[in-house]
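Fair warning: this is a prediction, and the values are worked out from it, not measured in the lab.
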Amino acid sequence: MNLPSFPIRTECPPGACVCEREALLAAPHGDLRVLRLTRAEELRLVERLENLASLADLRRIEARMADQLGIHLRITASPNEVRSLRGIVILVLEQPGLCKKTRQAIPSAIRRRMERVPQIAFDLLDEDGLFG
């Protein structure tokens, strides 16, 4: 097992997650960046996502997550008409070492912020639309 020099996320209880943490640690050239997201760091990330100020802020955090942790988001509008936030699809792409709870917590935090600050959702929809 290849243990990195930085603190890593503790393993999930057996059967509770399919993050493949052990397989990632055993891989000789695996991308271990995602394991830097400890539970405490995940709470800080979710808090930061719940306090977004704008779409530019969301895009900046999205880029930092990709650079620092290797976590990639896909945020798109439904191909049909978007009438509510459910029409905006927010996916955290699966990767070895990324906990199932984290893949659910990140989109939930973004949605909660979009509910409180609808301008972020409007700007997201306008990004590829008529005014983008």
Side-chain angles (χ1 to χ4, degrees):
M1 187 173 292
N2 183 17
L3 289 176
S5 60
F6 52 85
I8 61 173
R9 185 177 185 102
T10 58
E11 60 185 306
C12 299
C17 191
V18 291
C19 63
E20 301 173 11
R21 177 184 180 273
E22 298 305 319
L24 179 63
L25 287 171
H29 299 292
D31 186 4
L32 300 177
R33 294 180 298 170
V34 73
L35 295 179
R36 287 182 186 259
L37 190 65
T38 62
R39 286 195 169 93
E41 291 296 322
E42 178 185 340
L43 291 175
R44 286 183 55 210
L45 174 62
V46 166
E47 181 181 334
R48 177 73 175 108
L49 290 170
E50 288 178 344
N51 293 313
L52 291 169
S54 65
L55 180 61
D57 198 17
L58 173 61
R59 294 299 185 203
R60 203 171 19 261
I61 291 175
E62 184 179 358
R64 289 190 68 194
M65 285 173 32
D67 291 341
Q68 295 177 358
L69 300 171
I71 296 175
H72 297 282
L73 293 177
R74 183 173 297 147
I75 303 173
T76 57
S78 170
N80 301 324
E81 188 174 322
V82 176
R83 294 183 183 197
S84 69
L85 286 178
R86 289 186 181 183
I88 296 175
V89 179
I90 304 171
L91 294 174
V92 177
L93 302 181
E94 277 190 50
Q95 69 185 65
L98 185 60
C99 182
K100 176 176 75 173
K101 290 181 182 180
T102 304
R103 287 196 324 263
Q104 294 170 350
I106 291 172
S108 296
I110 295 170
R111 273 200 184 83
R112 282 192 298 271
R113 188 57 181 174
M114 285 184 182
E115 286 174 358
R116 281 185 255 140
V117 182
Q119 188 61 42
I120 297 172
F122 299 151
D123 290 344
L124 179 70
L125 294 173
D126 285 343
E127 194 173 54
D128 295 325
L130 179 62
F131 303 111

Approximate separation, where rounding is to 0.5 Å, of [X] [atom1] and [Y] [atom2]:
X: Leu25; Y: Glu22; atom1: CG; atom2: CD; result: 5.5 Å
X: Leu98; Y: Leu37; atom1: CG; atom2: CG; result: 7.5 Å
X: Arg33; Y: Met65; atom1: CZ; atom2: CE; result: 11.5 Å
X: Arg44; Y: Thr38; atom1: CZ; atom2: OG1; result: 9.0 Å
X: Leu55; Y: Glu62; atom1: CG; atom2: CD; result: 9.0 Å
X: Leu73; Y: Ile90; atom1: CG; atom2: CD1; result: 8.5 Å

Shortest non-hydrogen separation from [X] to [Y] and the atoms involved:
X: Glu50; Y: Ala109; answer: CG-CB, 3.8 Å
X: Ala77; Y: Leu125; answer: CB-CD2, 3.5 Å
X: Leu69; Y: Gln95; answer: O-NE2, 3.9 Å

Could you go through the side chain to side chain contact (heavy atoms under 4.5 Å, CB included) check for Val89 and Arg74 one step at a time? CA-CA 8 Å; Val89 179; Arg74 183 173 297 147; over 6 Å; no
Taking the side chain as C-beta and beyond, is there a heavy-atom pair between [X] and [Y] under 4.5 Å?
X: Glu127; Y: Arg59; result: yes
X: Val117; Y: Leu52; result: no
X: Ile75; Y: Leu58; result: yes
X: Val92; Y: Ile71; result: yes

Under the rule for side-chain contact (heavy atoms from CB on, under 4.5 Å), what residues qualify as partners of Lys100, not counting sequence neighbours? Cys17, Arg103, Gln104
Side-chain heavy atoms under 4.5 Å apart, restricted to Ile/Leu/Val/Met/Phe/Trp/Tyr: what other residues fall into the cluster of Val46, or is it alone? none
Quick check on [X]: does its [atom1] atom have over 12 non-hydrogen neighbours (other residues, nucleotides or ligands) under 6.0 Å away?
X: Glu94; atom1: CD; answer: no
X: Arg39; atom1: CZ; answer: yes
X: Arg116; atom1: CZ; answer: yes

Please check: side-chain N/O of Arg9 versus main-chain N/O of Cys99, any donor-acceptor pairing under 3.5 Å? no
Criterion side chain to side chain contact (heavy atoms under 4.5 Å, CB included) on Ile120 and Leu124, from CA distance to verdict: CA-CA 6 Å; Ile120 297 172; Leu124 179 70; 5.6 Å; no
Might you work through the side chain to side chain contact (heavy atoms under 4.5 Å, CB included) test for Ile110 and Ile88, ending with a clear yes or no? CA-CA 11 Å; Ile110 295 170; Ile88 296 175; over 6 Å; no
Taking the basic N atoms (NZ, or NE/NH1/NH2) and the acidic carboxylate oxygens, is any pair closer than 4.0 Å for Arg60 and Asp57? yes
Apply side chain to side chain contact (heavy atoms under 4.5 Å, CB included) to Leu91 and Thr76, showing your working. CA-CA 9 Å; Leu91 294 174; Thr76 57; over 6 Å; no
